[in-house]
Amino acid sequence: MKAGSVKLYDANPEILRLLARTNIHVSIMVRNDEIINIAANQTTANKWVEDNVLRYYPDTIIRTILVGNEVLSYSSDAGKQIWNHLVPAMRRIKISLRAQDIRNIKVGTPLAMDVLQTSFPPSNGTFRSDISTSVMVPLLNFLNSTKSFFFIDAYPYFPWSANPINISLNFALFQSNIKYTDPGTGLVYTNLLDQMLDSLVFAMTKLGYPDVRLSIAETGWPNAGDIDEAGANIKNAATYNRKLVRKMTASNPTGTPARPGALIPTFIFALYDENRKTGPGTERHWGLLHPNGTSIYQIDLTGKRASSDYETLPPAQNNVPYKGRLWCIAAPEVNLTELESALTFACNQGNGTCDSLTPGKECYEPLSVTWHASYAFSSYWAKFRSQGANCYFNGLAQQTTSNPSRGSCQFPSVTI
């Protein structure tokens with residue numbers, strides 16, 4: 001695939017061995033659950049570097065150590081405990097590298113866009129008040145003094161899908177003629193990603209760090225999703241990622257309006273579809289490849305291939321948000337034992353989820369696991385969707401626009 005760099009979410013020994021002598025630059029990660037111990041003890045940090053860097057370096061070209069993943073998105077008390085240990089852990093890792101006279105490995109941490117309190121227009125970009133002074137200032141000081149990058153996970157799909165009426169899909173996909181002028185700066189924007197990146201530039205500038213370089217630790221577009229997830233399709237995913245690659249690999253980098261000409265190292269999320277991941281359908285469909293390694297769509301990661309040289313993409317069928325009723329039913333040809341377990345789980349959540357399935361009630365018959373599971377899934381999803389429930393059940397369920405109700409048995413539905 002001619003990838004120049006690969007990012008791991010840990011320091012997997014097998015992968016690091018396989019990447020030896022490949023000329024691929026590698027980014028490895030300190031897991032979130034390791035941060036507090038590393039921050040507290042230099043010996044622990046030294047051991048981490050010994051086990052995960054020195055064992056493979058320099059045969060494997062490790063170029064970045066990312067400490068944690070989206071740590072500042074945690075809102076639980078336990079998660080917040082990590083916040084103040086983040087920068088101390090980064091410092092200790094850097095000390096360990098310097099002790100080994102390793103100068104060419106950057107240390108950073110990938111953050112999500114939710115570190116911003118305001119992001120629009122870009123000139124209004126401001127970090128959240130709960131982290132601005134306590135975490136962001138020391139983080140930016142560290143990144144600035146070590147000439148590292150501010151690593152950001154930036155997904156235009158999410159702001160677009162949350163507000164498709166006011167944000168143009170083409171603007172999110174780098175193919176719009178629309179130009180947005182920031183009223184605060186007069187800077188002109190032609191795509192959503194540049195707006196997102198510049199909101200970070202302005203937020204950093206407000207804290208006194210205007211020159212910390214940006215690197216995109218994750219970006220991409222889902223190639224499929226649930227019925228209620230508009231715009232998640234192969235055509236949009238291929239369009240976004242191909243145009244992203246052309247932008248980021250141009251011989252004369254375009255940068256962003258606030259930083260014209262800046263080179264922005266970028267990782268596409270993800271190499272593979274994650275077919276075993278839970279949650280909404282898009283969670284399983286960000287890959288360039290199917291889990292078996294075959295391509296979902298063609299892409300040239302060097303940016304040299306012309307758009308006209310690609311095969312025709314399947315037309316996008318879901319670019320407009322779905323409006324109407326949805327039901328959640330058992331998927332076809334699934335394991336009945338697993339289906340029975342999922343049925344039991346759904347019914348045990350209470351709130352009258354399966355009252356209509358009791359003997360003598362309107363949905364008791366036909367007496368089959370598939371029928372009962374379909375009713376239970378629909379009822380569970382309708383009752384608990386507002387609390388984050390989705391129609392998945394470990395791959396045993398799927399959304400449908402066809403009303404599965406029969407006779408006096410009316411399946412609960414979700415109205416989008």
Side-chain angles (χ1 to χ4, degrees), residues 113 116 118-125 152-202 214 216 218-225 229-264 266 268-269 282 286 288 297-323:
M113 289 296 295
L116 294 178
T118 54
S119 61
F120 185 82
S123 59
N124 276 358
I152 186 67
D153 297 348
Y155 289 98
Y157 171 75
F158 290 120
W160 171 77
S161 61
N163 192 8
I165 304 299
N166 294 316
I167 300 176
S168 159
L169 176 59
N170 286 335
F171 191 73
L173 293 173
F174 303 108
Q175 54 181 10
S176 172
N177 294 321
I178 298 170
K179 292 183 177 179
Y180 171 79
T181 303
D182 186 315
T185 60
L187 294 174
V188 178
Y189 292 87
T190 59
N191 66 81
L192 184 53
L193 181 65
D194 280 353
Q195 287 188 340
M196 296 169 74
L197 296 177
D198 275 358
S199 65
L200 290 159
V201 171
F202 285 105
L214 284 174
I216 300 176
E218 290 181 24
T219 192
W221 196 279
N223 60 65
E229 294 182 299
N233 57 62
I234 288 175
K235 184 167 187 178
N236 291 347
T239 300
Y240 179 86
N241 283 328
R242 288 171 183 174
K243 289 184 176 292
L244 171 81
V245 170
R246 292 293 293 270
K247 173 181 169 66
M248 296 306 182
T249 59
S251 53
N252 294 313
T254 56
T256 68
R259 288 184 175 173
L263 184 67
I264 306 171
T266 299
I268 292 175
F269 184 88
T282 49
W286 292 86
L288 303 179
Y297 52 86
Q298 297 173 317
I299 187 166
D300 169 24
L301 296 177
T302 69
K304 293 180 172 61
R305 187 170 179 176
S307 301
S308 57
D309 289 346
Y310 287 113
E311 293 175 5
T312 304
L313 294 164
Q317 305 285 0
N318 64 340
N319 282 346
V320 177
Y322 176 79
K323 298 290 184 188

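Note that the structure is a prediction, hence the values are computed from the model and not measured. Count residues from 1 along the sequence.
Judged by distance alone, with hydrogens and angles left aside, the side-chain atoms of Glu311 form no donor-acceptor pair with the main-chain N or O of Gln298 at under 3.5 Å. Looking at Lys247, its side chain never comes within 3.5 Å of a backbone N or O of Arg242 through a donor-acceptor pair. Checking side-chain atoms of Arg259 against main-chain N and O of Asp198 turns up no donor-acceptor pair under 3.5 Å. Asn318 contributes a side-chain N or O that, together with a main-chain N or O of Ala232, makes up a donor-acceptor pair within less than 3.5 Å.
Nearest approach of Tyr297 to Leu288, heavy atoms of both residues: OH-CD2, 3.2 Å. Taking both residues in full, the closest heavy atoms of Asn233 and Ala316 are given as ND2-CB, 3.4 Å, listed atom of the first, atom of the second, then distance. Across all non-hydrogen atoms, the minimal contact from Tyr180 to Pro122 is CE2-CD, 4.4 Å. Contact record, Pro156 with Ala154: CD-O, 3.6 Å, taken as the closest heavy-atom pair. Smallest separation of non-hydrogen atoms from Asp300 and Val245: O-CG1, 3.4 Å. Annotation for Pro253 and Ala262: closest pair CB-O, 3.7 Å, computed over non-hydrogen atoms.
Within the structure, salt bridge (Lys or Arg N to Asp or Glu O under 4.0 Å) pairs that include any residue of residues 153-163 do not occur (at least two apart or interchain).
Taking the six-membered ring where tryptophan is involved, the planes of Trp221 and Tyr157 are perpendicular, since the angle between them exceeds 60° and thus also 30°. Ring geometry for Phe269 versus Tyr155: interplanar angle over 60°, hence perpendicular rather than tilted (30 to 60°).
With rounding to the nearest 0.5 angstrom, the CG atom of Leu173 is 10.0 Å from the CG atom of Asn241. Distance CG/Leu197 to CE/Met113: 7.5 Å, rounded to 0.5 Å. Of the inter-residue distances, the one linking Gln175 atom CD with Asn236 atom CG reads 7.5 Å to the nearest 0.5 angstrom. Atom CD1 of Ile152 sits about 12.0 Å away from atom OG1 of Thr266, to the nearest 0.5 Å. Atoms CD1 and CD, on Ile167 and Gln195 in that order, are 8.0 Å from each other to the nearest 0.5 Å. Remark: Leu244 CG to Thr249 OG1 distance equals 9.0 Å, nearest 0.5 Å.
Remark: aromatic rings of Trp286 and Phe158 are close, center separation under 6.0 Å.
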Run the side chain to side chain contact (heavy atoms under 4.5 Å, CB included) test on Met248 and Leu193 for me, step by step, so that the C-alpha distance in whole Å, both residues' side-chain angles and the decisive distance to 0.1 Å come before the verdict. CA-CA 12 Å; Met248 296 306 182; Leu193 181 65; 4.0 Å; yes
Residue pair Ile264, Thr256: steps toward the side chain to side chain contact (heavy atoms under 4.5 Å, CB included) verdict: CA-CA 9 Å; Ile264 306 171; Thr256 68; 4.0 Å; yes
Verify side chain to side chain contact (heavy atoms under 4.5 Å, CB included) between Asn170 and Ile178, making sure each step is shown before the conclusion. CA-CA 9 Å; Asn170 286 335; Ile178 298 170; over 6 Å; no
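For Asn163, the CG atom counts as densely surrounded, since its 6.0 Å shell holds more than 12 non-hydrogen atoms of other residues, nucleotides or ligands.
Looking at Ile268 and Leu301, their side chains come closer than 4.5 Å, going by heavy atoms from C-beta outward.
Partners of Asp182 by side chain to side chain donor-acceptor pair (under 3.5 Å), not counting sequence neighbours, listed by chain and number: Ser123.
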